[in-house]
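As structure tokens, the structure follows; a few thoughts come after it.
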Amino acid sequence: MTYETVLPMWNAVRDRFFEKANALTDEDLTLQLGDQSIGRLLFHTGEVEYIFADWYFDKNIGEVKKPSLLSKEELVAFLMESNAFLKDAMKDLPEEGWHEVKETRMGNSTPLEVMGRLMYHTGIHAGQITDIQKFGKQ
């Protein structure tokens, strides 16, 4: 039941983020504010999805090829793969596992709580990308 409840909310947030990423150009990826570029934010978002799948959903990451931060094609593929990996991990978690506290370097959380954090995280970075597009420099 938890997977079926969380998945539509995750899809709503993640699909919106993906649409934003997919609309970018390779040139947009180099835009930055301070030391944060759009390319780095896209990579970081996918990287966190892999890490959370490992830490909170017990899905071994294995070998993940880092995309070029200057290639929209590679970053979009990476985001598709990280999302699929996370959703598979969510689907495979037994119902009772959603409510078990996991101890990680980020502190103690249940997978259910961490999905709220991940949705928030994704939304924050979507907003940062918008700000960088408006105010960033190459």
_Pairs involving residues 33-53, ordered by first then second residue, that meet salt bridge (Lys or Arg N to Asp or Glu O under 4.0 Å) (sequence neighbours left out)_ = R14-E49
*From N83 CG over to T45 OG1, what is the distance, rounded to the nearest 0.5 angstrom?*
11.5 Å
_Between Y120 and M90, is there shared hydrophobic-cluster membership here, with clusters defined by ILVMFWY side-chain heavy atoms closer than 4.5 Å?_
no
Let me have the donor-acceptor pairs involving side chains of residues 58-67, under 3.5 Å, with sequence neighbours excluded, atom names and distances please.
from: D58; atom 1: OD1; to: K102; atom 2: NZ; distance (Å): 3.2
from: D58; atom 1: OD2; to: K102; atom 2: NZ; distance (Å): 2.6
from: N60; atom 1: OD1; to: G62; atom 2: N; distance (Å): 2.8

_Stepwise side-chain contact (heavy atoms from CB on, under 4.5 Å) test for M119 and M9_ = CA-CA 8 Å; M119 288 181 220; M9 292 183 283; 4.0 Å; yes
*Considering only Ile, Leu, Val, Met, Phe, Trp and Tyr, and joining two whenever side-chain heavy atoms are under 4.5 Å apart, list the other residues clustered with V101.*
none
*Evaluate the side-chain proximity of L31 to D28: yes if any heavy-atom separation is below 4.5 Å, no if none is.*
yes
*Nearest heavy atoms of G46 and L79, plus distance in Å*: N-CD2, 3.7 Å
*Heavy-atom closest pair, residues L33 and F135*: CD2-O, 3.5 Å
*Should I124 and F18 be regarded as members of a common hydrophobic cluster, given that ILVMFWY residues are connected when their side-chain heavy atoms come within less than 4.5 Å of each other, either directly or indirectly?*
no
*Interatomic distance, L86 atom CG to M115 atom CE [nearest 0.5 angstrom]*: 5.0 Å
*Does a sphere of radius 6.0 Å around CD in E103 hold more than 12 heavy atoms from other residues, nucleotides or ligands, not counting ones at 6.0 Å or beyond?*
no
_Closer than 3.5 angstrom, by distance alone: can the side chain of E4 be matched with the main-chain N or O of M1 as a donor-acceptor pair?_
yes
*asked:* I want to check something: taking the side chain as every heavy atom from C-beta on, are Q32 and I38 in contact at a cut-off of under 4.5 Å?
replied: no
_Could you measure the distance from the CD1 atom of I129 to the NZ atom of K134? Nearest 0.5 Å is fine._
13.5 Å
*Pairs satisfying side-chain hydrogen bond (donor to acceptor under 3.5 Å, both in side chains), at least one member in residues 121-131, at least two apart*: K20-T130, H44-H121, H44-H125, H121-H125, H125-Q128
*In Å, rounded to the nearest 0.5 Å, how long is the span from OG1 of T25 to CD of E27?*
4.5 Å
Can you give each donor-acceptor pair under 3.5 Å made by side-chain atoms of residues 68-76, sequence neighbours left out, with the distance rounded to 0.1 Å?
from: S68; atom 1: OG; to: L70; atom 2: N; distance (Å): 3.1
from: S71; atom 1: OG; to: E74; atom 2: N; distance (Å): 3.1
from: K72; atom 1: NZ; to: N22; atom 2: O; distance (Å): 2.5
from: K72; atom 1: NZ; to: L24; atom 2: O; distance (Å): 3.2
from: E74; atom 1: OE1; to: S68; atom 2: N; distance (Å): 2.7

*Kindly assign one of parallel, tilted or perpendicular to the pair F52 and Y56, based on the angle between their ring planes and the thresholds 30° and 60°.*
perpendicular
*For residues Y50 and F78, establish whether the separation of their ring centroids is below 6.0 Å.*
yes
*Return the set of residues passing ring pair (Phe, Tyr, Trp, His ring centres under 6.0 Å) with W98 (not counting sequence neighbours), or none when no residue passes.*
F57
*So, do L118 and W10 sit near enough that their side-chain heavy atoms are less than 4.5 Å apart?*
yes
*Distance in Å, L7 CG paired with N11 CG, rounded so as to fall on 0.5 Å steps*: 4.0 Å
*Minimum heavy-atom separation for Y3 to K87, with atom names?*
CE1-O, 3.9 Å
